[in-house]
Q: 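The structure's right below; bear with me while I get my questions together.
In this chain, numbering begins with 1 at the start of the sequence shown.
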Amino acid sequence: MIAPIETPPRLRVGQLVKHRRYGYRGVVVEYDPFCKAPEQWYQANQTQPDKNQPWYHVLVHGTSTVTYAAQTSLEPDDNGQPVVHPLLEKYFSGFSADGYVRNDQSWGFD
């Protein structure tokens with residue numbers, strides 16, 4: 001097994017983001033330094049971005065969905081509008097001009 005290459009994350013936890021291809025908005029709740037999804041999940045993914053880059057767990061606005069997206073698939077969303085998601089209060093303690101403030105609740109969707 002080849003060791004993953006560590007690439008610094010360009011996005012931060014609590015940051016509002018938008019998916020480049022699918023256009024959904026969301027907030028980063030956690031990230032992994034490389035893709036940690038099972039190979040079966042990765043092979044079923046339509047786009048299969050490079051695994052050796054940060055991957056982000058994103059709470060998708062207006063849904064109860066949590067996605068797992070590669071860094072190259074996301075861009076900052078600077079519109080400043082809050083996200084609506086049922087897990088926001090579980091993982092974030094507030095909202096400011098810089099995005100959401102992450103609390104100390106551990107992420108349980110590995």
Side-chain angles (χ1 to χ4, degrees):
M1 181 174 163
I2 298 172
I5 300 167
E6 295 281 333
T7 302
R10 287 188 302 224
L11 304 168
R12 61 178 170 65
V13 171
Q15 186 170 359
L16 298 172
V17 294
K18 186 170 135 182
H19 196 281
R20 293 177 190 270
R21 183 174 191 174
Y22 301 119
Y24 63 78
R25 295 179 59 242
V27 59
V28 174
V29 68
E30 194 64 58
Y31 81 93
D32 296 325
F34 56 88
C35 183
K36 292 186 177 181
E39 187 62 25
Q40 183 178 3
W41 177 90
Y42 182 78
Q43 292 302 323
N45 189 341
Q46 289 181 344
T47 58
Q48 296 180 350
D50 183 12
K51 291 181 182 182
N52 288 324
Q53 64 178 313
W55 281 67
Y56 299 87
H57 300 271
V58 177
L59 304 183
V60 179
H61 172 66
T63 73
S64 59
T65 303
V66 178
T67 63
Y68 193 50
Q71 181 162 271
T72 53
S73 298
L74 299 172
E75 62 187 10
D77 179 19
D78 298 326
N79 78 9
Q81 295 299 311
V83 167
V84 176
H85 193 283
L87 294 176
L88 274 175
E89 290 183 7
K90 181 173 182 176
Y91 295 107
F92 297 98
S93 61
F95 182 73
S96 71
D98 292 329
Y100 285 89
V101 178
R102 184 74 160 84
N103 62 25
D104 60 358
Q105 175 69 40
S106 65
W107 180 244
F109 288 91
D110 290 338

Q: Any link between Tyr56 and Val13 through a network of hydrophobic side chains (Ile, Leu, Val, Met, Phe, Trp, Tyr) touching at under 4.5 Å?
A: yes
Q: Do Val58 and Tyr68 sit in one hydrophobic cluster, given that two such residues count as connected whenever their side-chain heavy atoms are within less than 4.5 Å of each other, even indirectly?
A: no
Q: His57 pairs by side-chain contact (heavy atoms from CB on, under 4.5 Å) with which of Val27, Asp32, Val28?
A: Asp32
Q: Within the 4.5 Å heavy-atom criterion, are Pro49 and Trp55 side-chain neighbours or not?
A: yes
Q: Any chain of hydrophobic side-chain contacts (each under 4.5 Å) joining Val17 to Val101?
A: no
Q: Would you give the length of the straight line joining atom CZ of Arg102 to atom CD of Gln15, rounded to the nearest 0.5 angstrom?
A: 15.0 Å
Q: In the structure I gave you, are the side-chain heavy atoms of Arg21 and Thr47 within less than 4.5 Å of one another anywhere?
A: yes
Q: How long is the gap from OG on Ser73 to CG on Asp50, to the nearest 0.5 Å?
A: 10.5 Å
Q: Please enumerate all residues that pass side chain to side chain donor-acceptor pair (under 3.5 Å) together with Glu39, with sequence neighbours excluded.
A: Gln43, Lys51
Q: Determine, using the 4.5 Å side-chain heavy-atom cutoff (strictly less than), whether Tyr91 and Leu16 are members of one ILVMFWY cluster.
A: yes
Q: For Tyr31, does the OH atom have more than 12 heavy-atom neighbours from other residues, nucleotides or ligands under 6.0 Å away?
A: no
Q: Can you tell me if His61 uses its side chain to pair, donor with acceptor, with the backbone of Tyr24 under 3.5 Å?
A: no
Q: From Lys18 NZ over to Asn79 CG, what is the distance, rounded to the nearest 0.5 angstrom?
A: 8.5 Å
Q: Verify, without hydrogens or angle tests, whether Thr67 (side chain) and Ala69 (backbone) share a donor-acceptor contact under 3.5 angstrom.
A: no
Q: Applying the 4.5 Å side-chain criterion to the ILVMFWY set and letting contacts propagate, would Val84 and Phe95 be lumped into a single cluster?
A: no
Q: Is it true that a side-chain atom of Gln53 and a backbone atom of Ala70 form a donor plus acceptor pair closer than 3.5 Å?
A: no
Q: Quick one, Val66 and Val60 - any side-chain contact, counting heavy atoms below 4.5 Å?
A: no
Q: Do Pro82 and Tyr100 come within less than 4.5 Å of each other through their side chains, counting heavy atoms only?
A: yes
Q: Check whether Arg25 reaches the backbone of Gln81 with its side chain - one donor and one acceptor, N or O, closer than 3.5 Å.
A: yes
Q: Atom CD of Gln105 and atom NZ of Lys90: how far apart are they, to the nearest 0.5 Å?
A: 5.0 Å
Q: Regarding Lys36 and the six-membered ring of Phe34, is the cationic atom NZ or CZ under 6.0 Å from the ring centre and inside 45° of its axis?
A: yes
Q: Side chains of Gln71 and Pro9: does their closest heavy-atom pair fall under 4.5 Å?
A: yes
Q: Return the SG to CD distance between Cys35 and Gln48, rounded to the nearest 0.5 Å.
A: 10.0 Å
Q: With heavy-atom distances below 4.5 Å as the criterion, would you say the side chains of Pro86 and Ser64 are in contact?
A: yes
